[in-house]
Amino acid sequence: MSHDEARRVFQAVDTFEPGAFVRLLSDDVRMVFGNSAPMVGHGAVTDGLRGFYATIAGLTHKIIRTWQAGADTVAETEVTYRRLDGTHVSVAAVSIWHTRDDGLISDYRIFVDLAPVYSG
């Protein structure tokens, strides 16, 4: 179950369209990207994704492994980012999320070191 759910989540992220991902989230979602301040609600997540997407040319997730504990999913991924200069760089990432009974994600956390994406 968790691998299928993870595939659905990352396919939405990889569309590079914030609305595709936000449709999977509860209205009061709390999303934290690394050490950044939490984004709360659809508007904040949409704005945060738009800002991030403006710094890259695209991304794709390769699922390495998933774990599920109740309503919580942990996904280890390899994320390939396409830089604005057209080059690609891949980094390891872990995403953790909580899915409510209605199927919407209410808490989403991303742990990744983006330094390689932005370094020369």
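Residue S95 holds its OG atom at 8.0 Å from CE of M31, rounded to the nearest 0.5 Å. Between R23 atom CZ and E17 atom CD the span is 7.0 Å, to the nearest 0.5 Å. In this structure, CH2 on W97 lies 12.5 Å from OG on S106, to the nearest 0.5 angstrom. To the nearest 0.5 angstrom, I105 atom CD1 is 15.0 Å from R30 atom CZ. Summarising the geometry, atom CG belonging to N35 is positioned 8.5 Å from atom CZ belonging to F111; distances are rounded to the nearest 0.5 Å. Expressed to the nearest 0.5 Å, how far CG of L24 lies from CD of E5 amounts to 9.0 Å.
Note: the hydrophobic cluster containing V40 does not contain Y108 (ILVMFWY, side chain heavy atoms under 4.5 Å, direct or indirect links). Under the 4.5 Å side-chain contact rule for hydrophobic residues, V89 and L84 do not share a cluster. When the side chains of ILVMFWY residues are joined at heavy-atom separations under 4.5 Å, either directly or via intervening members, V22 and V32 end up in two distinct hydrophobic clusters. No continuous path of hydrophobic side-chain contacts links I64 to F10 [ILVMFWY only; heavy atoms under 4.5 Å].
H42 is not listed as a side-chain neighbour of V45, based on a closest heavy-atom distance of 4.5 Å or more. Side chains of V112 and V79 form no contact here, defined as non-hydrogen atoms less than 4.5 Å apart. Within the 4.5 Å cutoff, the side chain of H61 has no heavy atoms near those of the Q11 side chain. Looking at heavy atoms from C-beta onward, T66 lies out of side-chain contact with V74 at the 4.5 angstrom threshold. Side-chain atoms of T80 and K62, non-hydrogen and from C-beta on, never get closer than 4.5 Å to each other.
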*Between Y118 and I56, is a side chain to side chain contact (heavy atoms under 4.5 Å, CB included) present by the stated rule, with each step listed?*
CA-CA 9 Å; Y118 299 108; I56 58 174; 4.0 Å; yes
_D113/V91 under side chain to side chain contact (heavy atoms under 4.5 Å, CB included): CA gap, chis, key distance, verdict_ = CA-CA 7 Å; D113 178 6; V91 297; over 6 Å; no
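Minimum interatomic distance between S26 and L104 (heavy atoms only, all atoms of both residues): N-CB, 3.8 Å. Smallest separation of non-hydrogen atoms from M39 and G48: SD-CA, 3.7 Å. R83 and A57 make their closest contact through O-CB, 3.4 Å (heavy atoms, listed as atom of the first residue, atom of the second, distance).
Note: Y53 and F21 fail the aromatic proximity criterion, with ring centroids not under 6.0 Å apart.
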